[in-house]
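Since the structure comes first, as structure tokens, the remarks are kept for the end.
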Amino acid sequence: MNYRLTKSERLHAEKLIKELFHEGSSFFLYPFKVLFLRKIELSGQTNQVLISVSKKKIKRATGRNLIKRRVRESYRLNKHLLPQDGVILGFIFVGNPEMPFSEIQAKMAQTLSKLSKEISENPLSHDS
RNA sequence: UGUGCAAGUCGGCUUGUCGCUGUCCCGAUGACCAUCGGGGAAGAGGAAAGUCCGGGCAACAAAGAGCGCCAUACUUCCUAACGGGAAGGGUGCUGUCUGGAGACGGACAGUACACAGAAAGUGCCACAGAAAACAAACCGCCUUUUGAAUUCAGGUUUCGCCCUGAGCCAUUCAAGAGGUAAGGGUGAAAAGGUGGAGUAAGAGCCCACCGCCCCGACAGUGAUGAAGGGGGCACGGCAAACCUUAUGGGUUGAAAGAUCAAAUAGGCCCCGGGCAAAGAGCUGCUCGUUCGAUUUCCGUGCAAACGGGAUUCCGGGGUGGGUAGAUCGAUGGAUCCCGAUCGUGAGGUCGGGGCUAGAUAAAUGGCAAGCCUCUUUUGAUUUCAGAAGAGACAGAACCCGGCUUAUAGACUUGCACUUUUU
């Protein structure tokens with residue numbers, strides 16, 4: 001199983017980030033707000049992920065760094081739950097700053113399963 | 001031994017495993033670029049923070065002068081520079097000791113200082129108080145004028161009576177005219193103080209001493225100190241009010257800015273050529289003057305020098321990749337450590353050695369185990385053993401020098417107090 005998380009799997013293109021926030025669908029599953037966007041021209045390619053932590057929720061930069069690292073780590077270990085189909089993902093953490101890694105990991109698995117189910121029920125039509 | 005204060009140092013460690021960032025090596029895709037795979041070593045701080053000062057760097061602007069605005073403000077030094085630092089001076093406060101009858105003075109230690117100017121001008125000084133600044137006059141004290149009232153002072157006596165003396169005087173009250181700043185009271189602050197002489201009462205009005213002001217030999221680079229001389233004594237405080245004086249400052253800030261569209265940028269490869277004392281400071285320019293130097297490695301050679309390579313620059317050719325993306329800026333520097341030496345010190349000079357974090361929707365992490373430290377608790381006289389919990393402040397973003405603020409705990413040195421033993 002591939003547990004790596006290379007640069008190509010992380011979202012860094014400014015254009016795609018704008019599209020994700022403007023056109024992407026979203027749902028909320030504590031402690032994440034999840035944004036996702038599927039594009040016809042990207043289908044079949046690797047998924048790309050973005051992780052963000054609210055500055056309002058966690059004031060200190062060290063605290064934000066810690067949470068981002070834990071979320072990224074949990075995504076890295078659970079990304080096999082989601083099929084590779086060029087999905088653009090955004091995780092915005094809004095939970096407790098002292099949430100331990102084990103809890104984050106459990107929630108991440110739950111979130112990815114839900115997302116996977118949603119994607120398989122609504123296949124991307126070439127007309128839209 | 002413990003506690004406190006000051007200065008300094010450190011600020012969790014180890015292993016395994018799964019990952020991330022750039023970099024080097026190897027392999028594959030035709031290729032040193034790109035992609036994929038494997039491996040090696042490296043990868044946050046003392047404050048990385050606040051963005052408060054100073055500098056480098058960059059772009060833009062700019063004849064010169066004046067005005068304005070902002071900053072700084074004891075002296076000398078350190079420094080690339082600074083509003084930073086060092087040493088020194090001054091003033092205030094506190095403590096100890098000490099001289100004097102006293103006013104007050106001296107020495108030492110600690111501590112604070114936004115320490116230029118209040119005898120250039122303007123303004124302000126609440127409340128209280130008579131008065132808050134060319135002093136004034138509420139109470140009080142004294143002299144005197146007018147009016148009114150009373151005899152008044154002393155002795156004796158329980159008191160009254162009485163006795164002696166003086167009465168256009170004296171005392172009291174009211175109003176007016178003047179003198180006064182001793183005393184009272186107010187205030188953060190009231191125009192020298194102590195003691196005397198003097199006076200109607202008083203007063204630096206006068207005298208002695210203390211304080212203060214002015215001049216000041218001499219000492220010191222200087223801030224400043226100061227022998228001595230003179231002066232009856234003014235010149236209240238606030239400049240963190242305006243202001244004056246002196247010095248400095250063009251503006252912006254790496255999200256600055258430079259570059260790239262089939263190549264003319266930048267990377268890599270190949271070929272050819274240049275390069276060795278220029279240069280830097282002072283200056284608008286010239287002259288002049290000062291500083292400074294002969295790139296580095298290997299080979300031959302005593303050396304001079306010669307040959308080859310590297311670095312750097314120029315020219316030519318080749319080559320691969322990316323497109324809101326890429327390259328440069330951008331990580332080796334006023335650098336750190338050790339030693340010697342000069343200096344009271346901040347620091348300077350010389351010698352030796354060491355140092356690849358460079359991200360860019362932004363790496364330096366997750367998990368497990370063990371150790372270390374601290375706190376609580378249980379057992380045990382202490383050493384010790386077990387259990388539970390915690391490990392601060394905090395995340396590089398162009399780079400340096402400072403300042404300020406946050407910080408669990410540990411260690412070192414010095415000083416003070418304390419305990420035990422001798």
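Only a predicted model underlies this, so the values are computations on that prediction, with no experimental measurement involved. Numbers restart at 1 for each chain; the letters A, B, ... are given by sequence-line order, proteins then strands.
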query: Within this structure, what is the CZ-to-P distance between A:Arg76 and B:C20, rounded to whole angstrom?
result: 7 Å

field: G-U wobble or Watson-Crick pairing nucleotide for B:C374 (cut-off 3.5 Å, both distances)
entry: B:G389

query: Could you give the CZ-to-P distance, from A:Arg64 to B:A361, as a whole number of Å?
result: 16 Å

- request: State the pairing partner of B:C367; accept Watson-Crick or G-U wobble contacts with both distances under 3.5 Å, and report none otherwise.
  value: B:G16

message: Taking syn as a glycosidic torsion within 90° of 0 and anything else as anti, which one is B:G195?
response: anti

task: Using the C1' atom as the reference point in each nucleotide, state the distance between B:A208 and B:A174 in Å, no decimals.
output: 47 Å

message: How many whole angstroms separate atom CD of A:Gln48 from atom P of B:A361?
response: 13 Å

query: When you compare B:U360 with B:G22, how far apart are their C1' atoms, in angstrom units rounded to a whole number?
result: 13 Å

First of A:Gly63 and A:Leu77 reached from the 5' end of RNA chain B, by closest nucleotide: A:Leu77

- line: B:A324 -> Watson-Crick or G-U wobble partner, both distances under 3.5 Å, gives none

- prompt: Roughly how many Å is it from CZ in A:Phe101 to C1' in B:G366, rounded to a whole number?
  reply: 5 Å

- prompt: Backbone N or O of A:Leu112 within a donor-acceptor pair of the A:Ser116 side chain at under 3.5 Å?
  reply: no

- prompt: What integer number of Å spans the P atoms of B:U224 and B:C115?
  reply: 15 Å

query: Within this structure, what is the CG-to-P distance between A:Asn65 and B:A396, rounded to whole angstrom?
result: 8 Å

query: Is the shortest distance from a Lys or Arg side-chain nitrogen in A:Glu73 or A:Arg70 to a carboxylate oxygen in the other one below 4.0 Å?
result: no

Pairwise 5' ranking along RNA chain B for A:Arg72 and A:Leu50, keeping only the more 5' one: A:Leu50

- line: Mate of B:U91 across any strand shown (Watson-Crick or G-U wobble, both atom pairs under 3.5 Å) is B:A112

Between P of B:A368 and CD of A:Gln105, the distance in whole Å: 10 Å

query: Which glycosidic conformation, syn or anti, is assigned to B:A396 if syn requires a torsion within 90° of zero?
result: anti

